[in-house]
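Any value given below was found using the heavy atoms of this structure, including those in side chains, with hydrogens, waters and symmetry copies removed. Throughout, protein chains are lettered first and strands after them, A, B, ... in sequence-line order, and every chain is numbered starting at 1.
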Amino acid sequence: MPAVEEVVREVNSLPKEKLTEEIKKYEFIEKKEKRTELPELANAENVVLRFAPNPSGPLHIGHCRAAILNDEYAKRYKGKFILRLEDTDPARVDPQAYDAILHDLEWLGVSIHEIAIQSDRLDIYYEHAKKLIEIDAAYVCTCPQEEFRKLRNRSIACKCREISAEENLKRFAKMFRERKEGEAVVRVKTDLKLPDPAMRDFIILRITDEPHPRVNRRVYPLYNFSVAVDDHLMNVTHVLRGKDHIINTRKQEFIYDYFGWKKPEFIHYGLLKIEGLELSTSLMAKGIKEGIYSDWSDVRLGTLLAMKRRGIQPEAIRRAMLDVGIKDTDISFSWKNLYAYNGEIIEPKANRYFFVPSPRELLVEGCADKTALAPLHPDFPERGKRKLEIKAREGKTRIYISQQDFDALKEGEVVRLMEAFNVEILRVDNKAFAKFHSEALEEARRRRAKLIQWVPEENAKVRVIAPEGMIEGLGEVNLKNLRAGGIVQFERFGFVRVDEAGKDELVVYFAHK
RNA sequence: GCCCCGGUGGUGUAGUCCGGCCAAUCAUGCAGCCCUUUCGAGGCUGUGACUCGGGUUCAAAUCCCGACCGGGGCACCA
């Protein structure tokens, strides 16, 4: 193609400056990853958002969507982000959770600008309940639960509903003094003809004798009441939460309407189906108490503490959540995707080491002492190499390979011990016997020999903790120099985070392949 | 049972409001090849989806109806 050659010659002959100049004339379409952004928020002015967990335990993966999406929007619109701890059910409060949640959010990279605790605000709720009673929008109901339910299901008002506001105020005051748990509640008047019975005159305040770890009170607001009051008082502009709150939103709107408050934008995202790990805070707490789980960071739990321990990076979680977005369809959360994102982050950082799970012996004859040198990271030679020493006695040595590789051995086959040499398999019993075959990698390549990791007689005991169970094995001695907290890759095995180092046995947590 | 939502490849997502530029985007997964002393990373190629049936329309992933499927709510929990 003479024309092409001519052009090439011409271009190549241009001086560098001229070339750069020419290049500027063309527009290059950069192959950029088009990551879908979250949609814009409606009325995004003076944005105030909030994350409102119940402090019953540390956060788990299920909380991340609310925490991260709200945080993301707060950052985008330079708005305020409030953490509100909703501890109005004394029975479901874990005193340690207040701090735990804060730490979890910090780890997640969520920026909190203000913290509110509902148990500090009980008087505010009482005040507002009183106001509702005064305007005849709420009443104290002393009907037994069952009885009220029967009436409500038939759209019939109970006798308490007809009582005057004045009288109700007295009954309200009584709730704080002589009334016992279960004897009286405050209901808001909605509409007894509402198609959904749950919406009819729902409860906003109740009495419970359950002790609260932070306050000494008996009357507590119910979720929909305290949330509506707080969201308004805190100037929350956008309420971003799960679809399971749709009914709550409708209930809260009654409160807004009675007070004549401007409503925030309500956005409901779909439910996240997360399989594999335990996510129920109460079941987790129970399991820990019973000794089934070690603590909140047990790998079988879906807590952030557990994920952190396994070496899952908060940035990976954020990306997974951003990926999922705010759509209102229910979805299955994919651990695979999360692991893929996590791998992208940790792969360049994680140095490589040999580890053989369920080790089996391989006796090699006809070999000399050998110092194998393997790179800490194949893509970063500047990090240096690690040493594995093979000591031979009368030309024989003992090394360990994984059960899986052991099972695949065939007589007469040549396999390469990575970074060392090739051996020919002689015999496989409960141990494998082999003889030195050759040194060169090229030889292994030519024979399409398997390349397997191994450890010499001098090695380190390793225990791998994974959600599926524990795996014991042997690793190279260099592992003993690692510090807790580091993330490494066990070649052909997966990424692990070093949890306990410096002892006889190294304990690592398995992240993923 | 009663009240609500929602259904795009294995998974997630864009597009649906305002029908045509969508024989449908991107990511991840999976498969193959190249490269590589890891089954890692990287490169290239490929696979694969509008739940179904009607209707409206010149034209439907997009609008309407129905079916089916999935989810939620029906607490003195949040």
Side-chain angles (χ1 to χ4, degrees), chain A residues 32-37 39 52-56 85-93 118 141 144-145 148-149 152-153 181-187 194-200 202-208 219-224 226-227 241-248 250-251 268 270-273 281-282 319-325 327-341 343-344 346-348 350 352-354 372-375 377-380 404 416-422 440-442 444-445 449-453 489-495 513:
Chain A
K32 214 176 347 180
E33 204 176 279
K34 203 174 84 189
R35 214 168 280 173
T36 341
E37 291 228 333
N54 165 249
S56 56
L85 295 154
E86 308 206 320
D87 56 349
T88 53
D89 179 10
R92 296 210 317 170
V93 174
Q118 288 190 320
C141 178
Q145 211 180 131
F148 180 87
R149 192 173 300 162
R152 170 249 253 158
N153 287 346
E181 176 173 316
E183 275 186 1
V185 294
V186 179
R187 293 182 180 277
L194 250 21
D196 186 349
M199 302 275 298
R200 299 172 192 163
F202 62 88
I203 298 172
I204 57 174
L205 240 46
R206 63 158 177 161
I207 301 169
T208 175
V219 178
Y220 291 91
L222 257 54
Y223 177 77
N224 285 303
S226 48
V227 163
R241 59 184 173 193
K243 231 166 55 168
D244 47 330
H245 285 291
I246 286 178
I247 288 273
N248 292 326
R250 283 194 221 139
K251 287 185 176 178
H268 300 106
L271 261 49
L272 214 52
K273 245 182 295 176
T281 307
S282 56
R319 185 170 160 201
M321 290 304 157
L322 255 29
D323 226 10
V324 162
K327 239 175 60 156
D328 56 357
T329 46
D330 301 337
I331 56 167
S332 322
F333 176 77
S334 161
W335 290 100
K336 261 190 174 174
N337 287 6
L338 174 66
Y339 294 158
Y341 301 152
E344 231 168 81
I346 64 176
E347 193 278 334
R352 272 50 169 177
Y353 292 95
F354 285 164
L373 289 172
H377 195 301
D379 301 331
F380 303 97
Q404 205 185 347
R416 179 168 184 82
L417 303 175
M418 285 170 65
E419 310 285 358
F421 47 73
N422 310 318
L441 170 67
E442 289 67 35
R445 280 272 151 78
K450 272 181 297 194
L451 277 64
I452 62 172
Q453 84 279 22
Q489 188 200 52
F490 285 166
E491 296 204 34
R492 303 209 305 142
F493 182 80
F495 294 98
K513 196 84 178 116

Inset, instruction - In whole angstrom, give me the gap between the P atoms of B/G73 and B/U57. - result: 42 Å
Inset, instruction - Scan A/His245 against the nucleic acid and name what it touches under 4.0 Å (heavy atoms): base, sugar-phosphate only, or nothing. - result: base
Inset, instruction - To the nearest Å, give me how far apart NZ (A/Lys251) and P (B/A78) are. - result: 11 Å
Legend entry - Geometric class of the A/Phe493/A/Phe490 ring pair [parallel <30°, tilted 30-60°, perpendicular >60°]: tilted
Legend entry - B/U28 and B/C21, which share atom name C1', separated by this distance in whole Å: 28 Å
Legend entry - P gap between B/G9 and B/U45, integer Å: 25 Å
Inset, instruction - Under 4.0 Å between any heavy atoms, over every strand shown, what does A/Pro221 touch: base, sugar-phosphate, or nothing? Just pick one. - result: sugar-phosphate
Inset, instruction - Could you tell me whether the phosphate oxygens of B/C76, OP1 or OP2, come under 4.0 Å of any side-chain nitrogen or oxygen in A/Arg149? - result: yes
Legend entry - Between P of B/C76 and CZ of A/Arg187, the distance in whole Å: 7 Å
Inset, instruction - Could you tell me whether the side chain of A/Arg187 and the main chain of A/Cys141 form a donor-acceptor pair under 3.5 Å? - result: no
Inset, instruction - Summarise how protein sits on nucleotides 31-38 of chain B as a single string, 5' to 3': B when a protein heavy atom is under 4.0 Å from the base, S for sugar-phosphate-only contact, - for no contact. - result: ------BB
Inset, instruction - Only stems of 3 or more consecutive Watson-Crick or G-U pairs count here, both distances under 3.5 Å; name the ones for RNA chain B, or none. - result: B:1-7 with B:68-74, B:10-12 with B:26-28, B:30-34 with B:42-46, B:51-55 with B:63-67
Legend entry - Under 4.0 Å protein heavy-atom contacts per nucleotide of nucleotides 5-11 of chain B, with B for base, S for backbone only and - for none: BSSB--B
Inset, instruction - Determine the contact category for A/Asn248: base if any of its heavy atoms lies under 4.0 Å from a base atom, sugar-phosphate if only primed atoms, P, OP1 or OP2 are that close, otherwise nothing. - result: base
Report each atom pair, protein N/O against N/O of nucleotides 49-52 of chain B, whose distance is under 3.5 angstrom.
none

Inset, instruction - Mind checking A/Val324 for me? I need base, sugar-phosphate or nothing, with any heavy atom below 4.0 Å counting as a touch. - result: sugar-phosphate
Inset, instruction - For B/C18 versus B/C30, give the span between their C1' atoms, rounded off to a whole number of Å. - result: 38 Å
Inset, instruction - Could you check whether A/Thr88 gets within reach of a base, just the sugar-phosphate, or nothing at all, counting any heavy atom under 4.0 Å? - result: sugar-phosphate
Inset, instruction - Report the residues that fulfil salt bridge (Lys or Arg N to Asp or Glu O under 4.0 Å) with A/Asp89, sequence neighbours left out, ordered by chain and then residue number. - result: A/Arg92, A/Arg206
Inset, instruction - Could you tell me whether A/Gly182 contacts a base, only the sugar-phosphate backbone, or nothing, with contacts defined as non-hydrogen atoms closer than 4.0 Å? - result: base
Inset, instruction - For B/C50 versus B/U11, give the span between their P atoms, rounded off to a whole number of Å. - result: 13 Å
Inset, instruction - Provide, to the nearest angstrom, the distance between the CD atom belonging to A/Gln453 and the P atom belonging to B/G40. - result: 13 Å
Inset, instruction - Grab the CD1-C1' distance between A/Ile247 and B/G71 for me, whole Å please. - result: 14 Å
Inset, instruction - Would you classify A/Ile452 as touching base, sugar-phosphate or nothing, given that sugar-phosphate means primed atoms plus P, OP1 and OP2, and contacts are heavy atoms under 4.0 Å? - result: nothing
Legend entry - Whole-Å C1' distance, B/G32 and B/G48: 15 Å
Inset, instruction - Take the protein atom CZ of A/Arg92 and the nucleotide atom P of B/C76, then report the distance between them rounded to whole Å. - result: 14 Å
Legend entry - Rounded interatomic separation in angstrom, taking CH2 from A/Trp335 and P from B/G12: 15 Å
Legend entry - Which residues share a salt bridge (Lys or Arg N to Asp or Glu O under 4.0 Å) with A/Glu419, sequence neighbours left out: none
Inset, instruction - Would you mind reading off the distance between A/Asp323 atom CG and B/U25 atom P, rounded to a whole angstrom? - result: 17 Å
Legend entry - Option among A/Lys251, A/Glu86, A/His245 that satisfies the side-chain hydrogen bond (donor to acceptor under 3.5 Å, both in side chains) test with A/Tyr223: A/His245
Inset, instruction - Rounded to whole angstrom, note down the C1' distance from B/G7 over to B/A49. - result: 12 Å
Legend entry - A/Asn54 side chain, from C-beta outward: closest of B/G72, B/A27, B/A78: B/A78
Legend entry - A/Lys273 vs A/Lys513, nearer the 5' end of RNA chain B by closest nucleotide: A/Lys513
